[in-house]
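Since the structure comes first, as structure tokens, the remarks are kept for the end.
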Amino acid sequence: MIEKSLVLLKPDAVQRCIMGKVITRFEDAGLKIIGMKMVWVDEVFSKKHYKAHVDKPFYNGLEKFILSGPVVAMAVEGISAVETVRKIVGGTEPKSAQPGTIRGDFAHHSYHYTDARGVPIRNLIHASGNKKEADEEIKLWFKKNEMHTYNTVHDSHVL
Ligand code: CDP
Ligand code: MG
């Protein structure tokens, strides 16, 4: 029931200086950040992380986007963390992402707009899509000694 999920603050979130606001959304929900670092990804690593998308038409634009600046990688832990994080993040397309979600509140890019221009959809966040993806992604992004065990107030008030 307690799961881990991988969250990335993509280069647009870092460069728009909204890292704190975005991280607060996860902390406010009681999720625990058990790993966190800033990384500038290269082509090889991007292809590993986005292995499910490398053959898709939008991949080149996506790679350029993810390499355009440092990202912040977080391992996040909580009850059904994969689903809970996706709920907080919102749908892939900011234009149709629900208000109250990170993508719905901080962006409004649409597929219609980006596909017409051949540019990637800037949606601020990556979040693991399912448990299997989460396990693989945490392993790819974090070494064992970069993950931490500690107590937060949520351990006594939520769990
Ligand atoms: O990130 P999420 O799991 O919500 O979506 P995805 O389907 O796994 O796609 C990964 C990323 O590719 C998205 O977050 C977008 O940044 C990008 N993408 C894009 O630029 N253009 C598309 N038509 C579809 C996805
Ligand atoms: Mg995905």
Side-chain angles (χ1 to χ4, degrees), residues 3-29 31-142 147:
E3 294 175 350
K4 298 174 180 48
S5 186
L6 180 85
V7 173
L8 302 178
L9 310 188
K10 290 177 175 177
D12 51 345
V14 174
Q15 292 171 30
R16 287 179 52 193
C17 308
I18 54 171
M19 289 187 283
K21 284 182 183 165
V22 169
I23 292 166
T24 295
R25 298 277 175 119
F26 300 109
E27 291 186 312
D28 282 352
L31 291 160
K32 190 190 290 185
I33 298 167
I34 56 168
M36 191 173 188
K37 58 184 174 181
M38 188 175 259
V39 181
W40 202 318
V41 169
D42 65 17
E43 287 88 346
V44 174
F45 195 86
S46 171
K47 288 184 178 73
K48 284 185 190 164
H49 173 71
Y50 281 125
K51 65 178 185 193
H53 297 310
V54 281
D55 296 324
K56 296 190 180 158
F58 61 82
Y59 180 74
N60 283 348
L62 175 59
E63 184 180 280
K64 213 169 150 200
F65 170 41
I66 210 74
L67 262 62
S68 66
V71 303
V72 171
M74 300 191 288
V76 173
E77 187 178 73
I79 302 162
S80 303
V82 174
E83 190 187 334
T84 303
V85 164
R86 293 289 294 199
K87 179 194 71 178
I88 293 168
V89 167
T92 305
E93 182 196 39
K95 176 177 168 281
S96 53
Q98 291 295 303
T101 65
I102 295 167
R103 286 166 168 170
D105 284 355
F106 292 107
H108 70 284
H109 244 185
S110 72
Y111 288 130
H112 183 68
Y113 177 88
T114 58
D115 290 351
R117 284 162 180 76
V119 298
I121 198 137
R122 288 188 183 79
N123 56 6
L124 303 163
I125 301 275
H126 166 83
S128 305
N130 55 55
K131 178 81 171 61
K132 183 173 170 282
E133 209 175 272
D135 292 344
E136 288 174 7
E137 290 177 355
I138 298 257
K139 226 168 154 182
L140 176 67
W141 282 84
F142 287 95
M147 305 269 281

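Indexing begins at 1, ligand by ligand and atom by atom, following the structure's order. Computed from a predicted model, the values in this text were never measured in an experiment. Along the sequence shown, the residues carry numbers beginning at 1.
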What residue and heavy atom of the protein are closest to [atom], and at what distance?
atom                    : value
atom 3 (O) of ligand 1  : R86 NH1, 2.9 Å
atom 9 (O) of ligand 1  : H53 NE2, 3.5 Å
atom 16 (O) of ligand 1 : K10 NZ, 2.9 Å
atom 14 (O) of ligand 1 : N123 ND2, 2.8 Å

Exercise: do E93 and S96 side chains pair donor with acceptor under 3.5 Å: yes
Give the single entry among H109, R122, H126, R103 that approaches atom 1 (O) of ligand 1 most closely by any heavy atom. R103
Among T92, L124, I66, I121, which one has a heavy atom closest to atom 20 (O) of ligand 1? I121
Taking the six-membered ring for Trp, are the ring centroids of F45 and H49 within less than 6.0 Å of each other? no
Geometric cation-pi criterion, K10 with F65: 6.0 Å, 45°: no
Assess the residue pair Y59 and K47 against the criterion (side-chain contact (heavy atoms from CB on, under 4.5 Å)); give the C-alpha distance rounded to whole Å, side-chain angles, the decisive distance to 0.1 Å, and a yes or no. CA-CA 9 Å; Y59 180 74; K47 288 184 178 73; 3.3 Å; yes
Only heavy atoms of P120, strictly under 4.0 Å: list the atoms of ligand 1 that pass. 20 (O)
Can you list the ligand 1 atoms lying under 4.0 Å from a non-hydrogen atom of Y111? 22 (C), 23 (N), 24 (C)
Is there a donor-acceptor contact under 3.5 Å from the side chain of H126 to the main chain of L8? no
Nearest 0.5 Å, please: how far is NZ in K51 from CD in E137? 8.5 Å
